[in-house]
Amino acid sequence: MSTAAGTLTERAPGLPVRVGRAAQQLRPVLQLGVRRLLGRKSPFQMTFSLTNRCNFLCKYCRIPTQHLDEMTTPEWIEVIDEFRAAGMGRASLIGGEPLVREDAGEIIRHLNAVGVHSAMNTNGWSVAERIEDVSRLDLVCITLDGPEEIHDRQRRKGSYRRVLDGIERLRRRNRPVVTMTVVTRKGADNIRHVLEVAKEMGTRAYFQLVHNENVDVNAPIAPDITAERVEELMDELKSLKAQGWPVGNSFSILAQQRRDRYIGTCEDCHAGRYYGYVFSDGTVAPCLLTQHQVPPRNGKQRGYLRAFHEMQAPVGPGCSCSATHEVNLILDFDVGALFEALNVTLRAARP
């Protein structure tokens with residue numbers, strides 16, 4: 001397959017290839033460290049929202065109703081190459097549902113070819129039919145909201161069984177998989193079920209409180225869940241994690257969210273400095289929740305890296321995005337978060 005970077009060829013996943021990829025991924029880490037010391041930006045981790053389209057219309061999400069233009073495959077290759085040359089070491093593909101794009105596999109293969117650690121957030125519906133593409137990822141995050149009745153009611157009928165099937169197929173191929181549970185008022189009582197699935201299938205489970213359905217950073221987080229219930233949930237997750245259940249959230253994050261459903265403020269966040277988002281229409285923004293704080297299509301018009309460096313820090317009360325704040329804590333050298341990240345990495349490396 002020919003791309004802007006040349007011809008991509010199949011390679012057996014042997015030790016020399018793994019060592020080569022590790023060496024490729026080390027350079028962005030070193031660049032990040034140097035730039036942090038110098039107080040300079042570095043696009044170490046970028047999230048690419050390939051599309052707002054989705055084959056679901058979840059109860060708590062209206063992203064599929066927010067229509068955006070979509071860049072072509074060559075344009076996405078250009079985005080990847082520009083950020084890779086500037087120090088990108090990790091990339092996450094999201095939507096909408098990224099697998100509704102037929103070229104998702106080509107984008108993944110290009111990330112592999114240039115040595116970028118690749119991840120994807122997916123609803124799991126199409127994993128079986130796209131297994132050859134999805135199994136090339138370094139990490140797959142599949143949403144699981146609770147038992148079949150709860151999950152299917154909030155997301156799509158039949159999706160629960162597809163999630164379990166997708167996880168099983170990926171685990172058979174030794175692909176690292178985690179689940180993400182969006183905690184709603186109705187789903188808050190089902191975290192143990194999610195952890196039972198994770199334990200049985202050899203994955204880890206992450207949890208975050210539901211955001212506003214239109215992803216507005218200034219809208220309240222999970223307003224129908226009381227502060228007392230949030231405290232109970234975080235205490236339960238901390239207790240279960242201490243007992244050895246596969247809770248992915250670090251103790252640091254759980255403790256922060258127990259004090260305040262906002263894990264951290266926008267002022268404290270590293271979004272826009274060491275990681276950011278590129279949306280399907282070419283907009284470069286600090287994060288999903290602050291995408292409207294930058295000019296639309298700024299990356300496509302001015303250059304993606306230039307748009308990243310010109311971008312102002314995000315403004316707002318913060319969010320409950322556990323994955324974002326785990327990255328923040330790692331960048332701040334939080335011992336608990338670093339230990340958790342190392343633990344996840346070692347588990348993922350096991351055959």
Side-chain angles (χ1 to χ4, degrees), residues 4-6 16-48 76-93 110-119 137-139 250 252-253 263-278 283-288 290 293-294 298-299 302-315 318 321-346 348-349:
V17 172
R18 292 199 298 271
V19 171
R21 288 203 70 202
Q24 282 181 308
Q25 293 174 4
L26 178 61
R27 183 179 178 185
V29 175
L30 297 176
Q31 289 176 315
L32 172 65
V34 171
R35 290 169 182 171
R36 283 212 67 192
L37 289 173
L38 297 175
R40 295 166 53 192
K41 287 186 175 185
S42 189
F44 175 71
Q45 179 168 310
M46 297 299 297
T47 297
F48 300 140
W76 275 114
I77 298 300
E78 178 186 351
V79 171
I80 291 168
D81 289 345
E82 189 169 336
F83 279 111
R84 176 57 174 147
M88 180 177 69
R90 304 173 70 90
S92 180
L93 306 178
H110 189 70
L111 288 168
N112 292 163
V114 298
V116 174
H117 180 282
S118 60
L137 292 157
D138 294 297
L139 178 67
S250 66
S252 299
I253 289 295
I263 301 174
T265 68
C266 289
E267 182 180 338
D268 300 327
C269 188
H270 290 303
R273 282 182 283 176
Y274 306 122
Y275 55 89
Y277 274 59
V278 180
T283 299
V284 180
C287 72
L288 180 66
T290 59
Q293 296 180 11
V294 298
N298 56 346
R302 302 179 64 79
Y304 304 100
L305 185 61
R306 180 178 177 182
F308 178 84
H309 283 291
E310 291 178 344
M311 186 166 53
Q312 298 298 309
V315 177
C321 182
S322 56
T324 293
H325 290 288
E326 295 287 1
V327 174
N328 282 333
L329 289 178
I330 290 170
L331 290 171
D332 288 334
F333 306 108
D334 179 89
V335 174
L338 286 168
F339 177 81
E340 186 65 37
L342 178 61
N343 186 31
V344 171
T345 301
L346 291 175

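Since this is a predicted model, take the numbers as computed values, not measurements. Scope of the values below: all heavy atoms of this structure, side chains included, with no hydrogens, waters or symmetry mates.
Atom CG of residue L137 and atom CG of residue N112 lie 7.5 Å apart, to the nearest 0.5 angstrom. K41 contributes atom NZ, which lies 5.5 Å from atom CZ of F308 (distance to the nearest 0.5 angstrom). Here the OG1 atom belonging to T324 is positioned 11.0 Å from the CG atom belonging to L329, to the nearest 0.5 angstrom. Distance check: R84 CZ to I77 CD1 gives 14.0 Å after rounding to the nearest 0.5 Å. Put simply, NE2 on H117 and CZ on R90 are 4.5 Å apart, with the number rounded to the nearest 0.5 Å. Taken from CZ in R273 to CG in L32, the straight-line distance is 11.5 Å, to the nearest 0.5 Å.
Considering every non-hydrogen atom in both H110 and D81, the closest pair reads NE2-OD1, 2.7 Å. Between P43 and A86, the shortest heavy-atom distance links the atoms CD-O, 3.7 Å. Nearest approach of C266 to P314, heavy atoms of both residues: CB-O, 3.7 Å.
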Apply side-chain contact (heavy atoms from CB on, under 4.5 Å) to the pair E78 and Y304, showing each step before the final yes or no.
CA-CA 9 Å; E78 178 186 351; Y304 304 100; 4.3 Å; yes

Check step by step if side-chain contact (heavy atoms from CB on, under 4.5 Å) holds for L111 and D138.
CA-CA 10 Å; L111 288 168; D138 294 297; over 6 Å; no

Are F48 and I80 close enough, and set up right, to give a side-chain contact (heavy atoms from CB on, under 4.5 Å), and what steps lead you there?
CA-CA 9 Å; F48 300 140; I80 291 168; 3.8 Å; yes

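Taking 4.5 Å as the limit, every side-chain heavy atom of V327 sits out of range of all side-chain heavy atoms of H270. When side chains are defined from C-beta on, V278 counts as touching F83, because their heavy atoms get closer than 4.5 Å. Residues V294 and P286 form a side-chain contact, since some pair of their non-hydrogen atoms from C-beta on lies under 4.5 Å apart. With contacts defined as side-chain heavy-atom distances shorter than 4.5 Å, the pair S250/E326 qualifies.
Residues satisfying the salt bridge (charged side-chain N to carboxylate O under 4.0 Å, His left out) test with R40, not counting sequence neighbours, are none. Residues satisfying the side-chain hydrogen bond (donor to acceptor under 3.5 Å, both in side chains) test with N328, not counting sequence neighbours, are Y275, H325. Every residue meeting the side-chain hydrogen bond (donor to acceptor under 3.5 Å, both in side chains) condition with E310, not counting sequence neighbours, appears here in chain and number order: R302, R306.
Each of V79, V116, V114 was scored for a side chain to side chain contact (heavy atoms under 4.5 Å, CB included) with M88, with one residue passing: V116.
With hydrogens and angles disregarded, a donor-acceptor distance shorter than 3.5 Å links the side chain of E82 to the backbone of L305. Side-chain atoms of Q31 never come within 3.5 Å of backbone atoms of S42 as a donor-acceptor pair (strictly under, hydrogens ignored).
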